[in-house]
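Written out below as structure tokens is the structure these notes cover.
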Amino acid sequence: QTCALPICEECPVDKYCPGGPLQRDCPQNTQSLPGSFKKSHCTCAPGFYGQVSVYKKHSQCNACPANHHCPGGKKALPCPVNSESAAGAVECKCVAGFFNNELGECQECPEGFWCPGAGLMNACPDNSNSTLGSKRVSDCTCVIGFFQPWPADDEEQGEGDRKSVV
């Protein structure tokens, strides 16, 4: 009894297969799609940028510099206005006072909200409001007719100044 085994399989991810029994790893910090058959099919992985050399054993993929984003490939792209990134980043994040809008752009934090950075936007607590571009919850101040019974942020107050919440 004979079993039918597959003779040839598709080259796996992050490898290239020039034919026959050969299966080679893509260089460090690179990636490839299934079915790749040339070293040039290996491209820099996300978080890296540069050119993969067909002749050298190692890739020329460098870690993405700070304040750039590297989705993978040949170029490190500068972060858009009002955003930043750490070295090796795949994407940029909005700075404090800004949030990611529907288009993925960094937009100034609207009134009534505070934006701590990383694209996040939080509503001010009930009965409080904030100005455009607020960065911290302490930027939300009580509206007329309400007061804040605790110190803002880490400000110290004397015992006699603190009022308890009932």
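Position 1 is the first residue of the sequence; numbering continues from there. Since this is a predicted model, take the numbers as computed values, not measurements.
- Considering every non-hydrogen atom in both V52 and C61, the closest pair reads CG2-SG, 4.1 Å.
- At least 2.5 Å separates the SG atom of C44 from that of C70.
- P116 has its side chain within reach of N122: a pair of non-hydrogen atoms, C-beta onward, lies under 4.5 Å apart.
- Note that CD of Q107 and CG of N100 are 10.0 Å apart. Values are rounded to the nearest 0.5 Å.
- Cysteines C115 and C109 have SG atoms closer than 2.5 angstrom.
- The shortest side-chain heavy-atom distance between P71 and L77 falls under the 4.5 Å cut-off.
- At least one side-chain heavy atom of P125 sits under 4.5 Å from a side-chain heavy atom of V137.
- A donor-acceptor pair under 3.5 Å is absent between the side-chain atoms of S134 and the main chain of W114, judged by distance alone.
- When all heavy atoms of C142 and Q148 are compared, the closest pair comes out as SG-N, 3.5 Å.
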(message) Could you walk me through whether K75 and Y49 satisfy the side-chain contact (heavy atoms from CB on, under 4.5 Å) test, starting with their C-alpha distance in whole Å, then the side-chain angles of each, then the deciding distance to 0.1 Å, before giving a yes or no?
(response) CA-CA 5 Å; K75 294 184 178 180; Y49 75 101; 5.7 Å; no
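- Rounded to the nearest 0.5 Å, atoms NE2 (H69) and SG (C92) are 4.5 Å apart.
- Shown here are the side-chain contact (heavy atoms from CB on, under 4.5 Å) partners of C17, two or more places apart in sequence or in another chain: C11, P12, Q23.
- At least one donor-acceptor pair closer than 3.5 Å links the side chain of S130 to the backbone N or O of F113.
- Atom CG of N129 is separated from atom CD1 of I144 by 11.0 Å, given to the nearest 0.5 angstrom.
- Listed here is the closest heavy atom pair of S83 and C79: OG-CB, 3.4 Å.
- Dense packing is recorded around NZ of K15, with more than 12 heavy atoms of other residues, nucleotides or ligands lying under 6.0 Å away.
- Within the 4.5 Å cutoff, side-chain heavy atoms of R24 are placed close to those of Y16.
- Pairing each heavy atom of G35 with each of E10, the nearest pair is N-CG, 3.6 Å.
- Scanning both residues, F99 and L120, for their nearest heavy atoms gives CB-O, 3.8 Å.
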(request) Might you work through the side-chain contact (heavy atoms from CB on, under 4.5 Å) test for H41 and K39, ending with a clear yes or no? (result) CA-CA 5 Å; H41 290 166; K39 187 176 181 182; over 6 Å; no
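- The line from SG of C42 to CG of L33 is 10.0 Å long, rounded to the nearest 0.5 Å.
- Here Q60 contributes atom CD and T30 contributes atom OG1; the two are 12.0 Å apart, rounded to the nearest 0.5 Å.
- Few gaps surround CG on L103; more than 12 heavy atoms of other groups in view lie less than 6.0 Å from it.
- Side-chain atoms of D14 come within 3.5 Å of backbone N or O of S32 as a donor-acceptor pair.
- For the pair E111 and C124, the minimum side-chain heavy-atom distance is 4.5 Å or more.
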